[in-house]
Amino acid sequence: MYTAADLIAALRRRERHSLRPRPGRPAAAGWSAWFQPDPGAGGRSPGADPLAPLMTVLLARQPSAPVAATPPATPVAAFRSLWRQRWEPPVHDERPAHALSAAASALLHLVFAILL
C-alpha cells in the first residue's frame, strides 16, 4: 500500500524526467534562443553556417538536364502518363517489382475483404 510520502516521491521523480517546465523554475531555452544573434560570434546566429562545405558543394552542382520525352501516341497511353511525373515510360528493371507489389496488395485486400 502506498503512503502519501511514497506518492509524493514518485511524482517528484516523474517531474524530474518531464520536458514541461516546473512551476517556479524558468523554462529551458528553446528554438527562440537558438535563433538569437550571438554577441561573441559577431552578431550572427549560432545556426548552420551558409558557407559550410556541404552547402558549397550543393550550390555548385548544376541542375540535371531534363530527359527528352515524346508525347504519348494514344489516349490510353496519355491517361497512363498522368500517373508518372514525366512522360517517359517506367524503368524496365523496376517493372517486376511494381507488378509483384500490385499483385500482393490486391491479394491482401481481397483476403481482408473476405475475412472482415
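No hydrogens, no waters, no symmetry mates; every other heavy atom, side chains included, goes into these values.
Cluster partners of Leu107, by chain and number: Val111, Leu115. The rule joins Ile, Leu, Val, Met, Phe, Trp and Tyr whenever side-chain heavy atoms lie under 4.5 Å apart. Clustering of Ile, Leu, Val, Met, Phe, Trp and Tyr side chains at separations under 4.5 Å places Phe112 together with Leu108. Using a 4.5 Å cut-off between side-chain heavy atoms of Ile, Leu, Val, Met, Phe, Trp and Tyr, Leu7 falls into a hydrophobic cluster with Leu11. Clustering of Ile, Leu, Val, Met, Phe, Trp and Tyr side chains at separations under 4.5 Å leaves Leu100 isolated, with no partner residue.
Qualifying side chain to side chain contact (heavy atoms under 4.5 Å, CB included) partners for Ser101, counting only residues two or more places apart in sequence or in other chains: none. With sequence neighbours excluded, no residue forms a side chain to side chain donor-acceptor pair (under 3.5 Å) with Thr74.
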